[in-house]
Amino acid sequence: MLRPAGLWRLCRRPWAARVSAENPGSREVTSGVSPRGSTSLRALNIFDRDLKRKQKNWAARQPEPTKFDYLKEEVGSRIADRVYDIPRAFPLALDLGCGRGYIAQYLNKETIGKFFQVDLAENALKNSLETEIPTVSVLADEEFLPFRENTFDLVVSSLSLHWVNDLPRALEQIHYILKPDGVFIGAMFGGDTLYELRCSLQLAETEREGGFSPHISPFTAVNDLGHLLGRAGFNTLTVDTDEIQVNYPGMFELMEDLQGMGESNCSWNRKALLHRDTMLAAAAVYREMYRNEDGSVPATYQIYYMIGWKYHESQARPAERGSATVSFGELGKINDLMPQGKKSQ
């Protein structure tokens, strides 16, 4: 369980302009942010991307943004651990939706030669955390990546892709910019994230106002991720899920932290205003249903981790169908089927 210090914390092919990574020159390379209100023609337009940019910029401008970084730093460290699990160096890597650089701070220059950090919020890039890796900041939208085909050896993304309107197209773009035998390692919020807050708000709003509106953005289901990665062209897929529980003094402290993280809802169909009585009722429901023994209330963050590789002829491939020489029915006789020399080892 992650417990922040102190009671407050306890408690397909892109068609955007291309950027070459061979000779970036200066730190600020380009702006690939999509025009206001634009989205892919085939996308469901669920999220207001311009509002999300404003929310992230506001969060990055706060006097003490590190107060709200605990969750993103934790997930960033877990992404870094997965990078270290791969026994190779990556000359050129990309962090998609980097925020203030929550992954780069846990990596070293022996593993990553140069790091491109991409985010749609310019204030997050300006206030990025220190790292020993040479970095290049690029202001760009995750839905419109300004990079050429076969550019990066590694692409990572932590807690950013759940705000993308067209996730299939975003994954296709990531596959497109990866070199053959390149790898994508990502993390995004899952469907059970903040279920305590969602249930409390729905119950209170139904009781006080006769119905409820969505106040927490929709999330992708874990069984859809493998299909989406495969459809984007990735192979040798790994998808796993984890939960991080953080305890807060109450519901209002949780909501304040979500705002400080830049994780407030930006769905187009969000309700602009909740009545004061409804909010107080929701806080009471939250405490009544989920309160811990010490008086704090838990908030659950479900995290989906995904790993996918871009095909290269050197990669190991499964044997052709029907090429097996032993059937599953004979597995019980495996000792009899093994050569005598191997049985004695």
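The structure presented is a predicted model; accordingly, all values stated were derived computationally and were not measured.
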Do [X] and [Y] belong together in a cluster built from hydrophobic side chains that touch within less than 4.5 Å?
| X | Y | value |
| --- | --- | --- |
| Leu228 | Leu178 | yes |
| Tyr176 | Val138 | yes |
| Ile133 | Ile103 | yes |
| Val164 | Val239 | yes |
| Leu159 | Val246 | yes |

Practice prompt. Begin from the C-alpha positions of Leu194 and Leu258 and carry the test side-chain contact (heavy atoms from CB on, under 4.5 Å) through to its verdict.
Written response: CA-CA 11 Å; Leu194 299 177; Leu258 291 174; 3.8 Å; yes
Is there side-chain contact between [X] and [Y], with at least one heavy-atom pair below 4.5 Å?
| X | Y | value |
| --- | --- | --- |
| Glu142 | Trp163 | no |
| Ile177 | Leu94 | yes |
| Gln259 | Trp58 | yes |
| Leu161 | Leu96 | yes |
| Glu143 | Leu120 | no |
| Val297 | Leu254 | no |
| Leu107 | Glu132 | no |
| Lys179 | Thr151 | no |

dist Thr238:OG1 -> Leu225:CG (nearest 0.5 Å) comes out at 12.0 Å
Distance col, row Glu243:CD vs Asp192:CG, nearest 0.5 angstrom, shows 6.5 Å
Note to self: Does the plane of the ring in Phe189 sit parallel, tilted or perpendicular to the ring in His162? Use 30° and 60° as the thresholds.
What the structure shows: perpendicular
Looking only at atom types and distance, does a side-chain atom of [X] sit under 3.5 Å from a main-chain N or O of [Y], one as donor and one as acceptor?
| X | Y | value |
| --- | --- | --- |
| Glu256 | Met251 | no |
| Asn292 | Gly295 | no |
| Asn127 | Ala60 | yes |
| Asp257 | Phe68 | no |
| Glu196 | Thr300 | yes |
| Thr131 | Ala104 | yes |
| Lys310 | Gly233 | no |
| Lys52 | Phe47 | no |
| Glu253 | Gly250 | yes |
| Asn235 | Gly308 | no |

Closest approach of [X] to [Y] (non-hydrogen atoms, all atoms of both residues):
| X | Y | value |
| --- | --- | --- |
| Tyr106 | Ala80 | CB-CB, 3.6 Å |
| Ala232 | Glu172 | CB-N, 3.8 Å |
| Ala204 | Thr278 | CB-O, 3.7 Å |
| Tyr304 | Gly191 | OH-N, 3.2 Å |
| Leu125 | Cys98 | CD2-SG, 3.6 Å |
| Ala187 | Val75 | CB-CG1, 3.8 Å |

Looking at Asp50 and Lys54, is there a salt bridge between them, counting it only when a charged N and a carboxylate O are closer than 4.0 Å? yes
Applying ring-ring contact (aromatic ring centres under 6.0 Å, His included) to Phe234 and not counting sequence neighbours gives His175, Phe184
Across all chains, not counting sequence neighbours, the ring-ring contact (aromatic ring centres under 6.0 Å, His included) partners of Phe90 are none
Sequence neighbours excluded, which residues qualify as salt bridge (Lys or Arg N to Asp or Glu O under 4.0 Å) partners of [X]?
| X | answer |
| --- | --- |
| Arg88 | Asp181 |
| Asp69 | Arg100 |
| Asp242 | Arg78 |

Item checked: Stepwise side-chain contact (heavy atoms from CB on, under 4.5 Å) test for Glu263 and Gln55 -> CA-CA 8 Å; Glu263 292 295 326; Gln55 290 173 348; over 6 Å; no
Quick note, side-chain hydrogen bond (donor to acceptor under 3.5 Å, both in side chains) partners involving residues 281-290, not counting sequence neighbours, are none
Could you check Asp240 against Arg82 for salt bridge (charged side-chain N to carboxylate O under 4.0 Å, His left out), going step by step and ending with a plain yes or no? CA-CA 12 Å; Asp240 62 285; Arg82 286 163 168 79; 3.1 Å; yes
Practice problem: Tell me, with the steps shown, if Tyr301 and Ile303 meet side-chain contact (heavy atoms from CB on, under 4.5 Å). | Solution: CA-CA 6 Å; Tyr301 300 91; Ile303 315 295; 4.3 Å; yes
- [ ] Answer yes or no on whether Arg49 is positioned over the face of Phe144, meaning its NZ or CZ is under 6.0 Å from the six-membered ring centre and within 45° of the axis.
- [x] no
Hey, mind stepping through Tyr102 and Asp95 against side-chain contact (heavy atoms from CB on, under 4.5 Å) and telling me if it holds? CA-CA 9 Å; Tyr102 304 108; Asp95 184 356; over 6 Å; no
Heavy-atom count check: over 12 atoms from other residues, nucleotides or ligands less than 6.0 Å from Glu110 CD? yes
| field | Donor + acceptor pair across side chains of Ser128, Gln117 (<3.5 Å) | value | no
